[in-house]
Amino acid sequence: DVVLTQTPPTLSATIGQSVSISCRSSQSLLDSDGDTYLNWLLQRPGQSPQLLIYSVSNLESGVPNRFSGSGSETDFTLKISGVEAEDLGVYYCMQATHAPYTFGAGTKLELK
Amino acid sequence: EVKLVESGGGLVQPGRSLKLSCAASGFSFNDYWMGWVRQAPGKGLEWIGEINQDSSTINYTPSLKDKFTISRDNAQNTLYLQMSKLGSEDTAIYYCARVFWGAPYWYFDFWGPGTMVTVSS
């Protein structure tokens, strides 16, 4: 199975600070057709996960543009440009290139 | 408005079976792949599996393939998860989610609120 390693496991930030989360894959997420199925989700406390970014860098409708995704093959990054209070929660990367699909262990974003 | 609502969770004894349902509304259910994801208390997310529109393709995470069965009833706009031989390790919140799949995209775009399953004697 593909292992996604997220760092850091916990992130403390102040409002307005920019932060980045890394997601590294144990194998390339580039499939034979040249597509990369790497998504980012946010789970706020007590809520279901919600999609933020799909296919590495595409912003889901309704998601603020302070969120951005980048990367390729095995190294991916989620950046939040100016954390707001509503951004607190656990961030997960998820890959759907190789079955079984897998999630990273999560990065918890807290207020400093 | 897209809505997914899971039901059927609760307390179940080890070794027993349980069937979860996910009622879908607000979209054309039979046009979408659907999936199940679970989350043990205080833990991360685990992909269980997915089913295509006409149930001709069902994929599972290998460790659950012999215990769990995913099915759907398009006439009832409902997704199911049949779970058997339950153990304490299956205690989790179970989420159903809608899959958006069209190359170069695959993602869960809508999630239900989840239903809690507790396996305990």
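Because the structure is predicted, anything quoted here is derived from the model rather than measured. Quick note on labels: first sequence line is chain A, next is B, and so on, each numbered from 1.
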Show me, pair by pair, the donor and acceptor atoms from chain B and chain A that are under 3.5 Å apart.
residue   : atom : partner   : partner atom : Å
Gln39(B)  : OE1  : Gln43(A)  : NE2          : 2.9
Gln39(B)  : NE2  : Gln43(A)  : OE1          : 2.8
Gln39(B)  : NE2  : Tyr92(A)  : OH           : 3.4
Glu50(B)  : OE2  : Tyr101(A) : OH           : 3.0
Tyr95(B)  : OH   : Gln43(A)  : NE2          : 3.2
Pro104(B) : O    : Ser55(A)  : OG           : 2.8
Trp106(B) : O    : Asn39(A)  : ND2          : 2.8
Gly112(B) : O    : Ser48(A)  : OG           : 2.6

(message) Please classify the contact of Leu38(A) with chain B as side chain, backbone, both or neither, using a heavy-atom distance under 4.5 Å.
(response) neither

(request) For residues Phe108(B) and Leu51(A), determine if any side-chain heavy atom of one lies less than 4.5 Å from a side-chain heavy atom of the other. (result) no

(request) Check Ala13(A) against Val19(A) and note the closest heavy-atom contact, atom names and distance. (result) CB-CG1, 3.8 Å

(message) Using every non-hydrogen atom in the two residues, find where Ser17(B) and Val12(B) come nearest and quote the distance to one decimal.
(response) O-CG2, 4.0 Å

(request) State whether a side-chain donor-acceptor pair under 3.5 Å links Ser88(B) with Asp90(B). (result) no

(request) Please report the shortest heavy-atom distance between Phe29(B) and Ala24(B), naming the atom on each side. (result) CD1-CB, 3.4 Å

(request) Test Phe76(A) against Val56(A) for side chain to side chain contact (heavy atoms under 4.5 Å, CB included), laying out the working first. (result) CA-CA 7 Å; Phe76(A) 303 91; Val56(A) 181; 3.8 Å; yes

